[in-house]
Structure formats: C-alpha cells, structure tokens
Amino acid sequence: MKVTFPHMGNLWIVLKTLFTHLGLDVVVPPPCTKRTMELGVRYAPESACLPLKVNLGNFLEARELGADTIVMAGGVGPCRIGYYAAVQHEILKDLGYEFDMVVFEPPDVHFSEVWDKIKYLNRRPWQEGVRGVILAWQKACAIDALEQQLHRLRPLEEKPGQADLIFRKALEKIDEANDRRSIKRVYKEAESELNNIHRRSINPLRIAIVGEIYTVLEPLVNLDMEKRLGRLGVEVVRGLFISRWINDNLFKGIMPLPNHHPEKTAPPYLNHFVGGHGWDSVGDAVAFSRSGCDGVIQLAPLTCMPEIVAHSVMPSVQQDTGVPIMTIYLDEQTGEAGLQTRLEAFVDMIGRQKNNSLNKGIINI
Amino acid sequence: MATVYLGIDVGSVSTNVVALDKQGEVLHSVYIRTHGQPIKALQDGLRQLISDLGKNIKVGGVGTTGSGRTLAAVLAGADVVKNEITAHAVASSYLVPEVQTVIEIGGQDSKIIILRNGVVTDFAMNTVCAAGTGSFLDQQAARLGIPIEEFGAKALNAKNAVRIAGRCAVFAESDMIHKQQQGHPLEDILAGLCEALVRNYLNNVGKGKEILAPIVFQGGVAANDGMRQAFSKNLGVDVIVPKYYGVMGAFGSALLAKEMYPKVSAFRGIDLTEREFSTGGFECSGCANHCEIVELKEGKKVLARWGDRCGKWSNAAAV
C-alpha cells in the first residue's frame with residue numbers, strides 16, 4: 001500500500017510524519033505547480049471549486065510516483081468538500097486509475113467508523129502511532145511558529161527573499177527530523193538566522209488574511225499572496241494555521257493555543273455555522289479589526305458558498321469597525337496582474353488613510 | 001530651464017503622457033494608441049511631448065501607472081510606480097476636491113472609487129467581465145461603420161432608446177443585430193447600448209457601493225456623450241467630466257511624482273526615445289511551474305526581468 005494525500009501549504013510534512021509512523025509507505029505528491037493545476041482542471045468539473053481541482057492534480061501526480069491509496073478529508077456539509085472525495089474517486093476511476101480511498105470525516109453514527117479506518121491503515125503497534133501523532137503535532141507547531149516570524153520579517157527585510165530562503169531550508173530539516181530534540185534544534189537555528197537579517201526601521205501596515213482554509217494556506221492558489229503583501233511592506237497576520245486547525249478540530253481545543261471563537265466575535269453579523277470557514281471568516285475579520293489591524297483580506301475559491309455568505313455581511317463589519325475589507329475570489333483563471341493591482345491599491349488606500357491624520361497635503365488619498 | 005514632472009500611463013488601449021509644471025498645471029498631454037506595442041507607444045508619446053515642449057526642459061520626477069507600469073518604470077526611469085486606482089483617485093480629487101465617487105471606464109477595465117473627505121475608502125474593479133469597457137464600444141462602432149468620435153453625438157439624438165441586453169458583450173452584440181433587423185433607427189440602438197452598459201457597470205462594478213455626488217466620470221469612455229448622459233440619467237445627478245478625463249491616470253502619476261519631489265529624478269534622459277529597446281521571453285525550466293520570463297533589453301544589455309514566481313530571474317537582473 002502506497003499512501004498519498006492532497007497538498008495544502010505545509011501540511012504534507014505533518015501528514016508524512018504521521019503516516020510513516022503508522023508503518024505506511026508514503027508518497028508525497030510533487031509540490032503544487034502550474035502542472036498540478038492544469039491536470040486537475042483538465043479532468044475536474046468546471047463549476048467545482050479550486051480545492052477539488054488542485055487535489056485531483058495532486059493525486060494524478062502522486063499516481064505517477066506509484067501511489068495507490070489516497071487519504072482524503074471528507075465532511076458533512078454544507079461545504080461541498082464533503083463529497084469531493086467521492087467525486088474525485090469516480091473521476092479517477094473513469095480515467096482508469098484504481099485507487100483505494102480512505103476518507104476521514106465526522107462519523108455518522110459512531111466513532112468506531114473513524115477507528116475502523118485508522119485500524120485499516122495502521123501497520124504497527126499502537127504506541128508507535130501515538131508517537132507519530134505527537135511528533136506530527138510538534139512539527140506543525142514548529143512550522144507555524146516559524147511562519148509567524150516570517151510574516152513579521154518580510155516587510156522589514158532590507159534584501160527581500162532572505163527570510164523565505166531560511167524558512168524553506170528549515171522546512172526541509174523539520175521534515176527530516178525524527179524526534180523532539182532535533183525539531184527544537186532546527187527551530188532554534190532558523191530563529192537565530194532570522195534574527196540576523198538586516199532590517200529596515202519602518203512601521204509596517206498590518207493586514208489580516210481570513211477566509212477559506214485551502215485558499216489561505218496554499219500559495220499556488222493564492223498566487224503567493226503573503227509574499228506579495230510582504231514585498232509591499234505589509235505584515236500579514238492570520239488566524240488559520242495547521243496547528244490551530246488540528247487543535248480546534250481534532251483535539252477540541254485542549255492545547256493552550258489561540259482558538260477561533262466565531263460564536264463570540266461573529267454575532268450579530270452572522271449568528272451560526274454556515275459551512276466551511278464562513279463563520280470563522282466573519283469572526284476573525286471582526287476580531288482582527290478590533291485588535292488594531294489596518295485592513296482585512298478575505299480569500300475564497302470562486303463559487304464557495306460559505307464564504308459568499310460571509311462576504312455578504314462584510315460591508316456591515318467594515319462600516320462598524322472602520323477597517324477596510326477586500327474579498328478576493330480565486331480560481332484557475334485568476335490573473336496575476338489584476339491581483340497585484342488590487343493588492344497595491346488596497347495597501348495604498350489603507351496606508352494613506354492611516355497617514356491622513358499626520359500628513360495634510362493637497363493629495364490625501 | 002523649466003522643471004517638469006512627467007506622468008506616464010501605459011494602458012491596454014492607450015498610452016498617455018502628461019507634463020506638469022511646478023505649480024501642478026498641465027503643460028502638455030499626449031494620448032496615443034498602444035496597439036499592443038507599449039515600448040514604441042511610450043517612445044512615440046515622449047517624442048511627441050518633447051517636440052511640443054522643446055528640449056529645454058529639466059525632468060524633476062517621473063511617475064508611471066497603468067497595466068504597463070513596471071515596463072514603463074524601467075524604460076523611462078521612474079521615481080514612483082503606482083497602480084491605476086491610486087493614480088486616478090489622486091487626479092480626480094485634485095481637480096474636484098469634494099469628489100465622493102469616481103467612475104472610470106478605460107480600454108479593458110472599469111473601476112469605481114469611493115472617496116470620503118478626500119480619502120479613498122473603497123474601490124472595485126471589473127473582475128470577470130469586460131462588457132461595457134472602451135474596447136467593446138470601439139468594436140461596435142466599427143461594426144456599425146461609424147467613427148467612435150461620432151458615437152456619442154449620435155446617441156444623444158435618440159428619441160426612443162431601445163432596451164439591449166448588456167450583461168455580456170457577445171449577447172449585447174447579438175441583441176443589437178436583432179434590433180437593427182427589426183428596423184430600429186441607429187440612434188436609438190446606440191443610446192440603448194449606452195444605457196445597457198451603464199446598467200451593467202452599476203450592477204457589477206458598482207454593486208453594493210454607496211454612490212454619492214459629486215460623481216466624476218473619467219477614462220477614455222467619458223468622451224462619449226451618450227455614456228455621460230446615460231450615467232446622469234440612471235444616477236439622477238449630473239456626472240462631472242473633468243478637463244483631462246482621458247489622461248487622468250498619467251495626470252495622477254505626475255502629481256504623485258511631484259508630491260514625492262525627488263532630489264534627483266531617476267529619469268533616463270530625453271534621448272531614450274531614440275534608443276533601441278527590445279523585449280524577449282523564455283520559459284524557465286527550473287521547476288514544474290514553467291514561468292514565462294520576460295526580459296527588457298537595451299541593445300544587448302538586460303535592464304530587467306519579470307514573470308518568475310521564485311525571484312530567481314527578477315532578482316538577478318535588478319538594476
């Protein structure tokens with residue numbers, strides 16, 4: 001059995017660790033590229049949202065490396081991701097590829113449904129699996145902590161690109177690390193390298209990125225949004241991280257990490273769950289606006305229902321908090337030039353709004 | 001020697017160059033068609049400007065904007081490179097200080113900019129559809145065999161504007177053909193087209209925005225009296241078309257260059273109109289992204305590269 005899974009940002013490091021400890025042969029799909037997107041778009045229904053298409057591309061590319069089993073996330077609605085595993089399975093079948101598909105989703109009747117799937121995958125004594133879970137969790141935390149430093153550093157770098165290079169190297173080392181101590185060592189090394197970067201002394205704008213998790217975490221589909229903003233002198237903050245997602249959804253928030261509390265922050269704009277991350281998007285937009293962010297960017301795959309619901313209440317959030325919110329829908333047609341223009345205009349706008357009180361020139365745009 | 005500030009707007013359809021004096025007055029403006037050749041258009045534009053102003057000028061600063069702003073910035077040596085939204089808003093609020101809404105319709109894009117107390121508070125650009133932009137009007141005028149300059153005047157003569165489906169440029173065209181075949185007079189069809197495009201603009205670009213007067217209407221399409229009238233009729237208030245409506249992007253970026261007031265401009269000299277520039281491209285095979293790299297050369301020397309995701313090429317050629 002050769003197991004593969006879809007990409008979502010740096011999630012692969014976490015999943016690879018976990019599955020390896022279950023005793024599985026893991027095939028990590030090649031990094032998402034234009035080819036991945038093209039393959040997915042060619043075989044996926046046009047009206048499906050981006051995650052389905054890019055995932056499908058991942059599976060096809062993993063197939064070329066010999067993968068025969070897919071572990072995929074499911075769901076119970078209202079977000080369409082719930083039936084994507086089934087649709088992808090059928091498409092692959094039509095193409096003549098027999099994959100075994102193991103779908104993890106909240107159980108219908110009893111938790112044993114989930115347990116049965118784990119038992120099906122597991123090849124080793126259960127202690128080994130538990131060790132894998134812990135190690136995967138530690139890796140997720142280390143990656144996310146470094147990424148947050150990266151967000152803070154990008155706008156300050158004198159020579160753009162250095163911090164990204166250090167981060168990329170650290171990712172490779174974290175992937176290779178096999179125990180807690182080496183993860184810690186890699187983390188410390190990367191941290192001190194990041195601290196040595198020459199910085200400009202500016203006060204960067206802070207923009208929060210909220211929205212649907214896949215478009216937020218996968219740089220291929222958001223066209224390196226965070227890097228673009230960093231180069232425009234913006235510090236990116238976001239609430240969505242792999243470690244926090246695991247904590248909120250799988251560990252039920254037992255770890256002392258900041259969680260999402262849409263039930264506290266989203267009302268009165270949106271009072272209940274609408275599927276996917278729609279509720280979180282509204283809650284996060286409110287929370288970040290109140291905590292001093294200068295702007296909010298909401299990301300979503302085109303036709304994403306939960307985010308469309310969230311989008312529809314964003315104008316009221318913007319009006320009440322006074323913090324501008326821009327929504328960007330992404331799909332395979334999204335053009336770089338148009339995106340760059342919108343980002344630049346948005347950054348200019350909030351920059352000039354912020355400086356307006358200080359600088360009363362003729363042109364206060 | 002008079003100091004001037006240059007604003008250069010390289011757009012999809014037109015390339016505009018504006019020269020400002022120290023007081024912010026427009027000395028000269030040039031509007032020419034890009035015809036898909038931004039380098040030639042820019043050189044032609046500058047040449048025309050210089051031949052009218054004379055060579056006895058000192059360039060104090062250069063601003064570029066428009067979809068070709070990066071190219072123009074490298075080519076001309078810009079002190080400030082800004083996106084179209086900012087440039088248009090700057091120009092608009094300079095000419096009409098109390099402006100609250102800017103409607104801008106250009107060659108291939110249209111935008112709305114909301115300002116309050118002279119500050120941009122919101123904006124939107126057309127996303128998935130280009131129906132209602134200058135290119136479409138151009139095309140339809142050509143199809144009907146009337147010069148685009150006469151389009152507006154003809155539309156104003158309409159007695160009974162017909163209703164045309166304006167959501168999609170292709171369907172609008174088939175609807176127009178249908179109306180022609182039914183025998184409606186040309187004027188009524190033209191006026192109907194203007195109204196349809198205005199509806200489309202307000203429903204798509206202007207969706208959810210609080211459109212308050214004073215409203216400034218600018219961009220190449222503002223030359224069209226029919227569109228002007230259709231907007232005024234639909235919004236219930238007269239829209240203001242500023243004097244330099246066609247070159248507002250260039251005007252705005254010249255204002256930005258002036259505002260920046262560089263000690264020494266990065267301008268590459270007025271003889272750049274006579275130098276040989278060329279662009280070339282290649283596909284990088286460093287990874288599966290296969291980025292299309294574009295490079296700008298002067299003679300054999302590479303001035304800049306862009307188009308790569310990882311920065312491998314653009315950083316290497318940074319000047």
Side-chain angles (χ1 to χ4, degrees), chain A residues 30-39 61 159-161 164-165 168 219-220 223-224 227 231-232 302 311-312 314-315 318-319 322 324-329 331 333-338 340-357 359-365, chain B residues 12 24 65-70 81-94 97 99 102 108-109 111 113-128 207-210 252 255-256 258-260 283 287-292 306-307 309-312 314-315 318:
Chain A
C32 288
T33 58
K34 260 197 324 209
R35 176 167 188 266
T36 320
M37 179 92 90
E38 276 163 21
L39 279 174
E61 286 188 316
K159 260 170 71 190
D164 276 287
L165 202 67
R168 258 207 319 268
L220 173 82
L223 302 172
D224 285 313
K227 221 186 269 178
R231 295 232 167 143
L232 292 173
L302 188 70
H311 183 186
S312 67
M314 290 300 189
Q318 173 173 338
Q319 198 166 28
I325 302 175
M326 176 166 73
T327 302
I328 295 178
Y329 290 105
D331 75 351
Q333 315 280 355
T334 303
E336 272 182 48
Q340 184 68 23
T341 299
R342 282 174 181 77
L343 291 181
E344 282 179 23
F346 190 68
V347 171
D348 265 356
M349 174 178 94
I350 60 176
R352 287 196 170 232
Q353 272 183 30
K354 205 178 173 187
N355 291 331
N356 191 37
S357 48
N359 170 20
K360 289 270 176 204
I362 319 166
I363 311 159
N364 287 323
I365 305 302
Chain B
S12 54
T65 187
S67 46
R69 60 184 177 280
T70 325
V81 187
K82 280 290 175 197
N83 60 83
E84 303 90 296
I85 301 276
T86 307
H88 278 283
V90 164
S92 204
S93 69
Y94 184 78
V99 59
V102 178
Q108 282 180 4
D109 64 5
K111 34 191 162 298
I113 308 170
I114 306 293
L115 300 98
R116 296 291 179 264
N117 303 318
V119 181
V120 177
T121 57
D122 204 0
F123 66 87
M125 295 171 77
N126 57 338
T127 47
V128 288
K207 181 172 60 187
K209 303 272 180 274
E210 197 187 13
L255 284 171
L256 284 164
K258 185 174 151 300
E259 184 197 48
M260 193 181 152
E283 204 179 78
C287 75
N289 272 327
H290 293 291
C291 296
E292 291 151 19
W306 54 85
R309 282 190 154 212
C310 65
K312 174 167 141 189
S314 46
N315 292 345

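By convention in this document, chain letters (A, B, ...) are assigned in the order of the sequence lines, proteins followed by strands, and residues within each chain are numbered from 1. Values reported hereafter were calculated over all heavy atoms of this structure, with side chains retained and with hydrogens, waters and symmetry mates removed.
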Segment of A/Met326 engaging chain B (4.5 angstrom heavy-atom cut-off): side chain
Heavy-atom distances under 4.5 Å only: say whether A/Ile350 touches chain B with side chain, backbone, both or neither. neither
Distance (rounded to the nearest 0.5 Å) between A/Arg342 CZ and B/Phe123 CZ: 8.0 Å
Mind listing the closest non-hydrogen atom pair of A/Arg352 and B/Leu256 along with its distance? NH2-CD2, 3.2 Å
What part of A/Ile325 is in contact with chain B, defined as an atom under 4.5 angstrom from a non-hydrogen atom: side chain, backbone, both or neither? neither
Charged N-O contact under 4.0 Å between B/Glu283 and A/Lys34: no
Partners meeting side chain to side chain contact (heavy atoms under 4.5 Å, CB included) with A/Gln340 (sequence neighbours left out): A/Arg228, A/Leu232, A/Glu344, B/Arg69
Please report the shortest heavy-atom distance between B/Glu84 and A/Thr341, naming the atom on each side. OE1-CG2, 3.4 Å
In chain order, what residues pass the side-chain hydrogen bond (donor to acceptor under 3.5 Å, both in side chains) check against A/Glu38, with sequence neighbours excluded? none
What distance separates A/Asp348 CG from B/Ile85 CD1, expressed to the nearest 0.5 Å? 10.0 Å
Below 4.5 Å from any heavy atom of chain A, which atoms of B/Thr121 appear? Answer side chain, backbone, both or neither. both
Rounded to the nearest 0.5 Å, what's the gap from OG1 on B/Thr86 to CZ on A/Phe346? Could you check? 12.0 Å
